[in-house]
Amino acid sequence: MSKPLDAIIIGAGHNGLVCAAHLARAGRQVLVLEAASQPGGLGATREFAPGFRASVAHTLPQFGRKLVADLALENHGFRLAASALPTVALCPDGSGHITIADGTLSGACAADTAAYKAYQALLQKFAKAINPFWHKRPPVLGSGGLRDAATLGLFGWNLRTLGKTDLREMMRMIALPARDLMDEYFHSPLLKAALSWDANVGSKLAPRSPNNAVIALLYRMSGDLTGGLPLASGGTGGLMDALAKAACANGAGLRLDSPVAKVVVEQGRAVGVALASGELIRAQKIVSNADPKTSFFQLLGARHLDIQFTHRIRRLRTDGYVAKLHLALDRLPTFTGLAYPGGRLLLAPTMQFIENAYDEAKYGGYARRLPMEVLLPSLQDDRLAPAGQHVLSALVQYAPYTVNGGWDAQRKDFLDNAVASLAQYAPDIRDCIVASELLTPTDLEQQFGLTGGHWHHGEFALDNWWMNRPTYGASQYRTPVSGFYLCGAGSHPGGGIMGAAGSNAAAAILEER
Ligand SMILES: Cc1cc2nc3c(=O)[nH]c(=O)nc-3n(C[C@H](O)[C@H](O)[C@H](O)COP(=O)(O)OP(=O)(O)OC[C@H]3O[C@@H](n4cnc5c(N)ncnc54)[C@H](O)[C@@H]3O)c2cc1C
């Protein structure tokens, strides 16, 4: 073994890259080891058919200007292909689509348009109060530490400044099912379905699930890159490449095609890693961008942890429920009643339709007609497809990780259902398709090293939130094993292309010396 590094980061997902860039910028000697042949994890842009490219994570609602500035990402090639995509709730017969753009509605009735203004203003007020805490290490209750006391104090103060009426309302709304929240404000079933989408996407939740609809909505509102729904130029991989360049420009090393097999522990301390190739590399600190179950069970080994802690990690809910569909199209399909399909198109006519699809998935099935979020990102970025042709990128809900009969047997049927669901809105879609890629949660697990194929590396829910993320004992990026840290989406604040877990973890590590 050669001279130890300051830190090894396992995984070049965006959080691993952000963590590496911050550590390297502070003068630490850092090496990032990535299993895949390109950086970016779920954000990488890949060719899924000759000439057609897409990324699993396709929009950047949670990414922030501060990270762009801190890491000079524009100097490393980061550009936006679109700053604020409108969201279009598609009406199945094409006659009454509702568009949400720049904080206003079009196509809705006057009462819903007025209600939306009040609803947005209230959510924005709440979001402003809690936004700083996504970017801070969670406090540890009863630690006696000044930093923890200050974070809790600031949290209390921010809530207090909402005023009594709004604070009471926030407390009332916080665990409401999305359905109840939407029913309180709006009339249109189509609008309710569209606005409930961001409360549940990526989770094992549907409009009737009581849990954290409001928190999830506020979390999705955490980005300030444009105030809308941005797309990166080159797909999300354009941002990933800029993050990789920023990390390397600050002095970090990056090795691709280098899966880590084990974390090496000596006398209770993590001191290095063993690659699948057998190579050993030592470092003062080992930081995992992999999900918590992979990090603790596959990489570290449960024998280094106490039994109660391993039980809590084992019980994390990591089954993914979102499939990703990529279609290569030889021309632009025609969506009934929509002149230009250049927004985020939501295919979910009612909350009950979403709920029914969820009910099927809860028991290992899937619906014949599937709710979807659809983009045609080649309209904003013509490098994603050959000239005149297009890419369709869709989040398809709900695709259970454990499907009855197994995904090998169900894949074609699920794909047919997804295309049939699209054809209800774009009748010529089948004639346009030249190739397709369906990534089920099992595919995501196998291709991206992600337990259960879960969007957030583990459910983003009230029991697994803030100082309980992934669980107490590891919620400040440090773990029970000295020298071993987490920096991925399974840590606070959660999933989404945001970089907060990576930068918070770097801050926790830098504070130690
Ligand atoms: C279907 C789907 C669609 C999504 N769409 C969006 C979206 O549109 N917008 C959005 O903001 N978010 C979206 N998300 C969520 C977002 O992609 C993730 O939350 C985010 O990518 C997590 O980033 P990360 O860096 O923590 O981890 P990841 O992106 O999962 O990266 C982890 C990295 O670690 C590597 N790794 C794992 N194990 C090892 C090992 N043993 N050795 C070496 N390397 C290893 C992996 O190869 C990977 O590169 C989506 C998620 C899914 C599943």
Side-chain angles (χ1 to χ4, degrees), residues 8-20 32-44 54-63 85 198 201-203 219-220 222-223 225 229-232 235-236 239-240 243-244 254-263 273-276 286-295 298-300 318 320-326 344 373 375 377 393-397 399 401 438-441 443-458 460 486-491 493-502 505:
I8 286 172
I9 316 262
I10 305 172
H14 82 288
N15 277 314
L17 293 169
V18 167
C19 185
V32 185
L33 296 167
E34 167 57 46
S37 53
Q38 63 184 122
L42 293 164
S55 34
V56 172
H58 58 193
T59 59
L60 303 175
Q62 294 168 255
F63 208 66
L85 286 186
D198 286 337
V201 69
S203 291
Y219 186 46
R220 288 278 287 189
S222 55
L225 206 50
L229 196 58
L231 288 189
T236 305
L239 170 59
M240 300 300 127
L243 286 170
L254 170 60
R255 279 174 59 181
L256 302 172
D257 299 308
S258 302
V260 171
K262 283 280 166 220
V263 171
V273 299
L275 271 64
I286 311 300
V287 189
S288 178
N289 183 193
D291 65 87
K293 283 187 180 169
T294 300
S295 300
Q298 282 181 33
L299 294 175
L300 189 73
T318 47
Y321 278 78
V322 188
K324 191 70 201 299
L325 174 66
H326 299 138
R344 171 173 77 145
E373 168 182 314
L375 303 185
S393 168
L395 306 176
V396 189
Q397 298 216 96
Y401 171 71
L438 175 70
L439 295 169
T440 67
D443 298 324
L444 293 167
E445 178 177 75
Q446 285 163 4
Q447 295 182 28
F448 295 89
L450 178 67
T451 305
H454 197 289
W455 178 297
H456 292 281
H457 287 194
F460 179 80
L486 301 179
C487 74
S491 299
I497 305 295
M498 187 178 185

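Just so you know, these numbers come straight off a predicted model, no measurement behind them. Every number for a ligand or one of its atoms is a count from 1 in the order of the listing.
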Tell me whether N15 has any N or O atom under 3.5 angstrom from an N or O of ligand 1.
yes
Would you check the N or O atoms of P259, main chain and side chain alike, for any that come under 3.5 Å of an N or O of ligand 1?
no
List ligand 1 atoms under 4.0 Å from I10, heavy atoms only on the residue side.
40 (C), 42 (N), 43 (C)
What is the distance from atom OG1 of T236 to atom NE2 of H14, rounded to the nearest 0.5 Å?
10.5 Å
Y401 and T318: CA distance, side-chain angles, deciding distance, side chain to side chain contact (heavy atoms under 4.5 Å, CB included) verdict
CA-CA 9 Å; Y401 171 71; T318 47; over 6 Å; no
If you measure every N or O of R220 against every N or O of ligand 1, does any of those distances drop under 3.5 Å?
no
So, the side chain of S491 versus the backbone of A489: is there a donor-acceptor pair under 3.5 Å, distance only?
no
So, regarding G453 and ligand 1 (criterion: nitrogen or oxygen to nitrogen or oxygen, under 3.5 Å), is there a contact or not?
no
Out of curiosity, C487 SG to I10 CD1, how far, rounded to the nearest 0.5 Å?
9.0 Å
Ligand 1 and T294, any nitrogen or oxygen pair closer than 3.5 angstrom?
no
From the list V287, I286, V32, V260, side chain to side chain contact (heavy atoms under 4.5 Å, CB included) partner of I8 resolves to I286
Going by distance only, is there an N or O of A12 that falls short of 3.5 Å from an N or O of ligand 1?
no
Quick test: of every protein heavy atom, which one is nearest to atom 44 (N) of ligand 1, and how far off is it to 0.1 Å?
A35 N, 3.1 Å
Relative to the heavy atoms of L299, which atoms of ligand 1 are at a distance of less than 4.0 Å?
41 (N)
Among all protein heavy atoms, pick the one closest to atom 36 (N) of ligand 1 and tell me residue, atom and distance.
G11 CA, 4.1 Å
Find all atoms of ligand 1 within a distance of less than 4.0 Å from any non-hydrogen atom belonging to G41, and give their numbers and elements.
29 (O), 31 (O), 48 (C), 49 (O)
May I ask you to identify the nearest protein heavy atom to atom 31 (O) of ligand 1, giving residue, atom name and distance to one decimal place in Å?
G13 CA, 3.3 Å
Please identify which atoms of ligand 1 are closer than 4.0 Å to at least one heavy atom of V56.
1 (C), 2 (C), 3 (C), 4 (C), 5 (N), 52 (C)
Hey, does L444 sit under 4.0 Å from ligand 1 if you only count heavy atoms?
yes
Among all protein non-hydrogen atoms, which one is nearest to atom 9 (N) of ligand 1, and what is the separation to 0.1 Å?
T59 O, 2.8 Å
of all protein heavy atoms, closest to atom 16 (C) of ligand 1 is G496 N, 3.8 Å
What residue and atom, counting heavy atoms only, is the protein's closest point to atom 52 (C) of ligand 1, and at what distance?
W455 CE3, 3.7 Å
Report, in ascending order of atom number, the atoms of ligand 1 lying under 4.0 Å from any heavy atom of L33.
43 (C), 44 (N)
Taking only heavy atoms of F448 into account, list the atoms of ligand 1 that are under 4.0 Å away from them.
46 (C), 47 (O)
Side-chain contact, heavy-atom cut-off 4.5 Å: I497 with Q62?
no
Side chains of D291 and H454: does their closest heavy-atom pair fall under 4.5 Å?
no
Short N or O distance, A36 and ligand 1, threshold 3.5 Å exclusive:
no
Starting at CG of L438, measure out to NE2 of H326 and round the result to the nearest 0.5 Å.
9.5 Å
Within this structure, what is the CG-CD1 distance for the pair N15 and I9, rounded to the nearest 0.5 Å?
10.5 Å
Got an N/O contact under 3.5 Å between V260 and ligand 1?
yes
Between NZ on residue K324 and OG on residue S55, distance to nearest 0.5 Å:
6.0 Å
Below 4.0 Å, non-hydrogen atoms only: which portion of L395 touches ligand 1? Side chain, backbone, both or neither.
side chain
Atom CG of L231 and atom CG of L225: how far apart are they, to the nearest 0.5 Å?
11.0 Å
Atom indices of ligand 1 within 4.0 angstrom of G495 heavy atoms, with elements:
19 (O)
Worked check of side chain to side chain contact (heavy atoms under 4.5 Å, CB included) between H457 and L450:
CA-CA 7 Å; H457 287 194; L450 178 67; 2.9 Å; yes
Tell me whether S295 contacts the main-chain N or O of A290 through its side chain, where contact means a donor paired with an acceptor under 3.5 Å.
yes
So is H457 in contact with ligand 1, going by heavy-atom distances below 4.0 Å?
yes
Show the atom names and distances, to 0.1 Å, of all donor-acceptor pairs under 3.5 Å that link a side chain in residues 33-42 to residues at least two apart or in another chain.
| residue | atom | partner | partner atom | Å |
| --- | --- | --- | --- | --- |
| E34 | OE1 | A12 | N | 2.6 |
| E34 | OE2 | A36 | N | 2.7 |
| Q38 | NE2 | T45 | O | 3.0 |

Side chain to side chain donor-acceptor pair (under 3.5 Å) partners for E373, two or more places apart
H58, W197, R344
What protein heavy atom sits nearest atom 37 (C) of ligand 1, and how far off is it?
A290 CB, 3.9 Å
Please could you name the atoms of ligand 1 that N289 approaches to less than 4.0 Å, counting only its heavy atoms?
24 (P), 25 (O), 26 (O), 27 (O), 31 (O), 32 (C), 33 (C)
Does any N/O atom on H58 come nearer than 3.5 Å to any N/O atom on ligand 1?
yes
Do K262 side-chain atoms and A276 backbone N/O form a donor-acceptor pair below 3.5 Å?
no
Is E34 in polar range of ligand 1, meaning some N or O pair under 3.5 Å apart?
yes
Who's the nearest protein heavy-atom neighbour of atom 11 (O) of ligand 1, and how far?
I497 N, 2.8 Å
Taking a cutoff of less than 4.0 Å between a non-hydrogen atom of the residue and any ligand atom, is G320 in contact with ligand 1?
no
Y219 and F460 aromatic ring geometry - parallel, tilted or perpendicular at 30°/60° bounds
parallel
